[in-house]
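Encoded as structure tokens, the structure appears first; notes follow it.
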Protein chains: 2
Amino acid sequence: MRNAFHEELDRISDQLVEMTRLVGSAMERATRSLLDADLELAESVIAADERIDLLRADLDSRAVDLLARQQPVATDLRMVVTAMHMASDLERMGDLARHVAKVARLRYPDSAVPAEVRGTVVEMSQVANRIVTKAGSIVAAKDLDAATTLSRDDDEMDELHLRVFSLLLSENWPHGIPAAVDITLLARYYERFADHAVAVARRVAYLVTGEWGHDEQSAIAGSDGP
Amino acid sequence: MRNAFHEELDRISDQLVEMTRLVGSAMERATRSLLDADLELAESVIAADERIDLLRADLDSRAVDLLARQQPVATDLRMVVTAMHMASDLERMGDLARHVAKVARLRYPDSAVPAEVRGTVVEMSQVANRIVTKAGSIVAAKDLDAATTLSRDDDEMDELHLRVFSLLLSENWPHGIPAAVDITLLARYYERFADHAVAVARRVAYLVTGEWGHDEQSAIAGSDGP
């Protein structure tokens, strides 16, 4: 039976889906600004992050309001609390996209990404995009089938992260320390973005099944760098 | 008037204080393991992080239980929700201390920190420690006086972070890319640790005063790297 509580919860869920879409688009555009040294695009990603922050603040206050007015218990209560945790993950993902755009802005008119790592950065952004798209469809449709392949995506991100370090640490890295510092941070931003997206997806799966995926700890805790 | 709700909320608050103490100690010991290349100490920090994760999981389930049983509204409700957000910050701080210890372990028997940046890393860890100690006393005693100097501590951390980058990017950095990658990540771990500690403190101040400090956005969103 649908009631006022579930209608409001649907609106919160829609807002989470919207946030998922926005942070996915932000990271995709941040990556483009980085690779193309597109200052205008970088600035627009940086400016647009405020909207994501506001959506998160709005979602939090709706959730608290819903708790106060409807006093849900059991699964309904867990859903509202989980939505707040997801909003926190999504806000952080927006921050990470903004960080990528800020590196692009800082290095303009150069690109912060030397040719040797360009392909790997493109792949990291593609995996990030795939994971956030799945997270969105899991939130929207409780489509848990999408969750089954998340571990593989997450492993792929970890491998790409390691590949970045092996490129940086190879004897013939010709770009010196400044580029190495940028790439170290960029790789971390993509990886943390993916970690939070995986966490969002797993939180839904947990609500539905009561079980975490086998490697949720590593996904939520994040990887540990090189 | 004290009642069952406030007694349980006190227990949650005590647990937050305990987590603050644990993550402060973890980061202090992680730093020591890093500077002294002390493998045993690094291993003990890594192992001890599980306790922090468990405390957070326990706090979350107590909080949800409290919401279900007592159905708080208004300020009481906001306090419980805020406690969950603080626990999330504190768990992440534990992860960051573990990340520092993992760098120490990875580079053992060498130290990951060359002599030139040793002093700056020591200062970062001292500032981190000062902030987390203040956060603990703010949570324990709603001691908002401690909150007034947090912006200064946070600025100091940002300055130290910039100093690390200027050391790395100076012409005469003699340690090559591997050490630069380690230091880039370590500096970020300390800075994020401090950001989360500032966020914990500001969440309490917000509950008490209804106002964020002037620069909460930057503290919660984190800085943007070099």
Side-chain angles (χ1 to χ4, degrees), chain A residues 46 49-50 53 60 63-65 67-74 76-78 80-82 84-85 88-89 91-92 94-96 98-103 105-106 164-165 168-171 173 175-189 192 217 220-226, chain B residues 46 49-50 53 60 63-65 67-74 76-78 80-82 84-85 88-89 91-92 94-96 98-103 105-106 164-165 168-171 173 175-189 192 217 220-226:
Chain A
I46 294 162
D49 188 44
E50 197 187 348
D53 295 346
D60 255 19
V64 169
D65 194 50
L67 291 174
R69 280 188 297 104
Q70 302 275 348
Q71 314 257 324
V73 295
D76 287 346
L77 171 57
R78 279 205 298 143
V80 178
V81 169
T82 301
M84 285 192 277
H85 289 314
S88 165
D89 283 314
E91 183 187 10
R92 185 75 200 138
D95 293 339
L96 290 161
R98 193 187 66 221
H99 291 356
V100 169
K102 282 197 169 182
V103 175
R105 181 171 71 178
L106 191 67
V164 168
F165 287 117
L168 288 177
L169 303 179
S170 75
E171 290 298 318
W173 173 257
H175 303 286
I177 306 280
V181 169
D182 283 349
I183 298 298
T184 299
L185 289 171
L186 287 168
R188 180 140 186 99
Y189 299 152
R192 291 296 301 153
Q217 280 295 342
I220 290 188
S223 85
D224 299 304
Chain B
I46 294 163
D49 187 46
E50 196 187 349
D53 294 347
D60 254 19
V64 169
D65 195 50
L67 291 175
R69 281 188 296 104
Q70 301 274 350
Q71 315 257 324
V73 294
D76 288 347
L77 171 56
R78 279 205 298 145
V80 179
V81 169
T82 301
M84 285 192 278
H85 288 314
S88 165
D89 283 314
E91 183 187 10
R92 185 72 200 139
D95 293 340
L96 290 161
R98 194 187 66 220
H99 290 357
V100 169
K102 283 198 169 181
V103 175
R105 181 170 72 179
L106 190 67
V164 168
F165 288 116
L168 287 177
L169 303 180
S170 75
E171 290 298 318
W173 173 258
H175 304 287
I177 306 280
V181 169
D182 283 348
I183 298 298
T184 299
L185 289 171
L186 287 167
R188 179 138 185 99
Y189 299 152
R192 292 296 300 152
Q217 281 294 344
I220 290 188
S223 85
D224 300 304

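Per chain, numbering begins at 1; letters A, B, ... match sequence-line order.
A distance of 4.5 Å separates CZ in B/Arg188 from NE2 in A/His99, rounded to the nearest 0.5 Å. Between the CZ atom in A/Arg92 and the CZ atom in B/Arg92 there is a gap of 8.5 Å [rounded to 0.5 Å].
Highest contact tally toward chain A, considering only B/Ala68, B/Ser88, B/Ala180, B/Gly94, is held by B/Ala68 [criterion: heavy-atom pairs under 4.5 Å]. Between chain A and the options B/Ile177, B/Val80, B/Val73, heavy-atom pairs under 4.5 Å are most frequent for B/Ile177.
Qualifying salt bridge (charged side-chain N to carboxylate O under 4.0 Å, His left out) partners for B/Asp65, counting only residues two or more places apart in sequence or in other chains: B/Arg69. Residues meeting the side-chain contact (heavy atoms from CB on, under 4.5 Å) test with B/Gln70, sequence neighbours left out: B/Ala4, B/Phe5, B/Leu66, B/Pro72.
The two residues A/Leu67 and B/Val81 have their closest heavy-atom pair at CD1-CG2, 4.2 Å.
Annotation: side chain of B/His85 is in contact with side chain of A/Asp60 (closest heavy-atom distance under 4.5 Å).
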